[in-house]
Asks: 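Please read through the structure below; I'll follow up with questions.
Computed from a predicted structure; not experimentally measured.
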Amino acid sequence: MSVTVYPARAPLCVPYWNGRTYKSILRSFASGTVVAGPELCALESLLEKKFRAADTVLCGSGSLALEIALRACGIGRGDEVIIPTFCCTAVVPPILAAGALPVLSDVGGELNIDVESAAAAMTPKTRAVVVPHLFGNPADIERIAALAQERNIRVIDDAAQALGATVHGQPVGSFGDAGILSFGAEKVCFGLGGGAAFSRKREVAAGLKADLSPPRFCSVVATLGSTLVWRRWRRWTFPLEAALSRARKSGPDLPPAPYRKEAMANLKAAVAVSLLEALPENLAARRARVRAYQSLLGTTEGLELVPHRDGSACLAQVVRILPKRAGEDRAARAIGALRKAGYEVQGSYVPIHLIARYAGLARRALPYAETVWPDLIELPCEPDVSLDDVERIAAIVKQAAQN
C-alpha cells in the first residue's frame with residue numbers, strides 16, 4: 001500500500017546526523033581529505049579505546065570487516081561457521097570468501113542466536129560462530145563464548161546493529177575472539193558506510209591484515225549524495241524513491257550487493273567520529289522510545305513485544321501480531337495502515353534458509369524462526385521519531401492486533 005501522507009511523518013531509517021556531522025563533511029571537502037586524512041586515525045583511536053582493542057582495521061564495509069575477522073581467526077577452507085538464520089543475508093558472502101561453509105542455526109525468543117541453538121548447530125567441523133545482536137539487543141554472548149571456548153571454536157562478536165550496547169557494562173563487540181562494526185545503512189550510527197574489525201587478543205589482532213585498495217573519490221561522493229537524498233532527507237524524497245523501487249527488481253531472493261576490498265575513506269571516518277560523539281544522546285532517545293512502546297503495547301492482547309535486555313542499543317522495537325485464523329496476515333494489515341498514516345515501517349527478515357539460494361545451509365528444522373517471521377513488524381526508534389508519533393504508531397498497531 002502506498003503512503004498517502006506527505007511529507008512522511010516517520011520515514012524509514014533516517015540517519016541521526018547533527019551539526020557536527022555536517023561540519024565534518026564540509027571540513028573534509030575544504031581540506032581536500034575526502035579519501036585520506038586524519039579522521040581515520042581519530043576513528044581508530046576512538047574504537048581501540050572504547051573496545052580496549054589491541055588493533056583495529058578500518059575498511060569499506062561491515063561485510064569486509066567480517067571477512068577480515070574470520071581470516072584473522074584462522075578460518076579457511078573446509079571449516080564451518082555458524083550463523084543464525086534470522087539475520088541479514090550479507091553475512092553469507094564473507095564466510096564464503098574466507099573459504100568456509102556457513103551453517104544456519106535457529107534463534108530464541110529474542111530473535112538472537114542463543115547457546116542452545118548454537119550448540120544444536122555445532123559439528124566436529126565447526127570452527128567459528130558469528131553472534132549478531134539484532135535490533136541492538138545483546139545476544140547471550142557470554143554463554144555462547146563460554147561454550148565455544150570449551151570446544152575450541154572461535155567467536156566473532158558482530159556488533160553491526162548494536163554499537164553502544166553493553167552486557168554488564170562491557171561493550172558488545174568486545175566479547176569473543178574478534179569484533180566487527182558497521183556504519184552502514186539502518187545501523188545505530190548510520191553514516192556513509194564503512195566497517196571495522198578489531199580484537200582484544202594479540203594473537204588474533206596480529207592477523208587483522210588485509211590488502212585493501214584505496215577508496216575511490218567519485219564513489220565516496222556518490223555515497224554522500226545518495227545518503228543525503230534518499231535517507232537523510234527521506235521525508236520529502238520517499239515518493240520518488242518508492243516509485244524507483246517498484247520499477248527495479250528487488251526482494252530477498254536476490255543476492256546481497258557485492259562488496260569491494262577497499263579501505264575506509266577519510267570522509268566516512270569523519271562522519272563516523274561525529275556519530276560516536278553523539279552516541280550517548282542517540283542511545284538515550286532510542287531507549288526512551290522502547291520504554292514508550294513497552295508501556296503502550298506491553299499488555300495488548302494478540303500482540304507480543306520482543307524484549308530488549310538491559311544495555312540494549314534499541315535499534316528498533318520488533319512486535320509480533322498473532323494471527324487469529326490460519327493464513328491471516330495481520331502484520332501486513334498493520335503495515336498498510338501505518339504507511340497510510342505516514343509511518344514507513346516494514347516487516348522483518350525472511351529466515352535465510354527459506355530463501356531458495358541458501359536452503360542447503362540448514363541441516364535441520366529451524367522451527368522458531370519459521371513460525372514467527374511472517375508476524376513481525378519493526379517499529380522505529382530513531383531520535384527523529386517523536387514520542388507523539390510513537391503514541392500514534394502504537395495506537396494503529398494496537399487496533400490491528402485487536403480487530
Side-chain angles (χ1 to χ4, degrees), residues 13-18 20-21 24 39-40 42-53 56-66 68-69 87-88 90-91 110 112 130-139 141 155-176 178-200 227 231 264 268-290 308-317 378 380-384:
C13 299
V14 175
Y16 182 58
W17 292 10
N18 57 27
R20 286 173 287 189
T21 306
S24 69
E39 299 298 338
L40 291 163
L43 180 58
E44 277 188 16
S45 297
L46 278 174
L47 295 179
E48 288 175 2
K49 181 179 179 181
K50 182 177 182 63
F51 295 98
R52 297 182 182 178
T56 302
V57 173
L58 301 179
C59 55
S61 68
S63 295
L64 179 55
L66 177 54
I68 292 170
C87 188
C88 178
V91 301
E110 295 178 352
N112 280 321
V130 179
V131 184
H133 307 271
L134 289 192
F135 313 112
N137 188 36
I141 184 70
V155 172
I156 310 297
D157 192 355
D158 179 356
Q161 292 192 16
L163 180 52
T166 59
V167 175
H168 304 311
Q170 182 175 332
V172 165
S174 64
F175 295 86
I180 65 167
L181 296 174
S182 171
F183 297 98
E186 304 181 21
K187 304 299 189 294
V188 173
C189 288
F190 180 170
L192 295 176
F198 49 88
S199 178
R200 289 185 169 193
T227 303
R231 288 297 185 178
M264 182 185 286
K268 295 183 179 183
V271 170
V273 168
S274 77
L275 299 180
L276 286 172
E277 291 171 348
L279 185 57
E281 60 200 66
N282 183 352
L283 293 176
R286 290 178 179 278
R287 289 165 178 164
R289 280 140 187 80
V290 163
H308 282 264
R309 297 186 179 204
D310 291 341
S312 174
C314 298
L315 179 65
Q317 175 61 66
E378 297 177 17
C381 293
E382 289 84 8
D384 286 344

Asks: Using every non-hydrogen atom in the two residues, find where Pro15 and Asp384 come nearest and quote the distance to one decimal.
Replies: O-OD2, 4.2 Å
Asks: If I compare all heavy atoms of Ala65 with all of Ala196, which pair ends up nearest, and what's the gap?
Replies: CB-O, 3.5 Å
Asks: Once salt bridge (Lys or Arg N to Asp or Glu O under 4.0 Å) is applied, what residue pairs with a partner in residues 159-171 remain, sequence neighbours excluded?
Replies: none
Asks: Checking Arg289 now: which residues fulfil side-chain hydrogen bond (donor to acceptor under 3.5 Å, both in side chains) with it, not counting sequence neighbours?
Replies: none
Asks: Taking side-chain hydrogen bond (donor to acceptor under 3.5 Å, both in side chains) as the definition, give me every residue that meets it alongside Asp157, ordered by chain and number, with sequence neighbours left out.
Replies: His133
Asks: Identify, with sequence neighbours excluded, every residue that meets side-chain hydrogen bond (donor to acceptor under 3.5 Å, both in side chains) alongside Ser24.
Replies: none
Asks: Is the side chain of Asn112 donor-acceptor paired with the backbone N or O of Leu134 at a distance under 3.5 Å, no angle test?
Replies: yes
Asks: Rounded to the nearest 0.5 Å, what separates atom OG in Ser174 from atom NZ in Lys50?
Replies: 9.5 Å
Asks: Show your reasoning for whether side chain to side chain contact (heavy atoms under 4.5 Å, CB included) applies to Phe190 and Val14.
Replies: CA-CA 8 Å; Phe190 180 170; Val14 175; over 6 Å; no
Asks: Do Tyr16 and Glu382 come within less than 4.5 Å of each other through their side chains, counting heavy atoms only?
Replies: no
Asks: Using the salt bridge (Lys or Arg N to Asp or Glu O under 4.0 Å) rule, collect all pairs that involve residues 159-176, keeping only residues at least two apart or in two chains.
Replies: none
Asks: Going from OG1 on Thr227 to CG on Leu192, what distance comes out if it is rounded to the nearest 0.5 angstrom?
Replies: 5.0 Å
Asks: Side-chain contact test, heavy atoms from C-beta onward, threshold under 4.5 Å: evaluate it for Ile156 versus Val131 and give yes or no.
Replies: no
Asks: Applying salt bridge (Lys or Arg N to Asp or Glu O under 4.0 Å) as the test, list every pair that has at least one member in residues 269-284; sequence neighbours left out.
Replies: Arg20-Glu281
Asks: Write down the atom of Ala165, the atom of Ala313, and the distance for their closest heavy-atom approach.
Replies: CB-N, 3.7 Å
Asks: Locate the shortest heavy-atom distance separating Ile180 from Ala69; write the atom from each residue and the value.
Replies: CG2-CB, 3.9 Å
Asks: Can you name the residues that form a side chain to side chain contact (heavy atoms under 4.5 Å, CB included) with Thr166, not counting sequence neighbours?
Replies: none
Asks: Keeping Arg52 on the side-chain end and Arg200 on the backbone end, is there a donor-acceptor pair under 3.5 Å?
Replies: no
Asks: With rounding to the nearest 0.5 angstrom, report the SG to CG distance, Cys87 to Asp158.
Replies: 6.5 Å
Asks: List in chain and number order the residues that pass side chain to side chain contact (heavy atoms under 4.5 Å, CB included) with Ala269, two or more places apart in sequence or in another chain; answer none if no residue qualifies.
Replies: Glu39, Leu40, Leu43, Met264
Asks: Nearest heavy-atom pair of Pro132 and Ala139: which atoms, and what distance?
Replies: O-CB, 3.9 Å
Asks: Going by side chain to side chain contact (heavy atoms under 4.5 Å, CB included), name the residues that satisfy it together with Ser312, two or more places apart in sequence or in a different chain.
Replies: Asn137, Pro138, His308, Cys314
Asks: Can you find a pair of side-chain heavy atoms, one from Phe175 and one from Val155, that are under 4.5 Å apart?
Replies: no
Asks: How close do Gly164 and Leu279 get, counting heavy atoms only, and between which atoms?
Replies: CA-CD2, 3.9 Å
Asks: Pairs of donor and acceptor atoms involving the side chains of residues 181-189, under 3.5 Å and at least two apart or interchain, shall be tabulated with distances.
Replies:
{"unit_1": "Ser182", "atom_1": "OG", "unit_2": "Gly184", "atom_2": "N", "d": "3.0"}
{"unit_1": "Glu186", "atom_1": "OE2", "unit_2": "Arg231", "atom_2": "NH2", "d": "3.4"}
{"unit_1": "Lys187", "atom_1": "NZ", "unit_2": "Ala185", "atom_2": "O", "d": "3.2"}

Asks: Just wondering, do Leu163 and Leu275 contact through their side chains at under 4.5 Å, heavy atoms?
Replies: no
Asks: Could you note down all residue pairs passing salt bridge (Lys or Arg N to Asp or Glu O under 4.0 Å) where residues 308-317 supplies at least one of them, sequence neighbours left out?
Replies: Glu110-Arg309
Asks: Quick one: pull up OG1 in Thr56 and CD in Glu44 and give me the separation to the nearest 0.5 Å.
Replies: 6.0 Å
Asks: Within the structure provided, determine whether Leu58 and Phe198 are in side-chain contact (heavy-atom separation under 4.5 Å).
Replies: no
Asks: At what distance, to the nearest 0.5 angstrom, does CG of Leu46 lie from CG of Leu276?
Replies: 6.0 Å
Asks: Do Ile68 and Leu64 come close enough that some side-chain heavy atom pair is under 4.5 Å?
Replies: yes
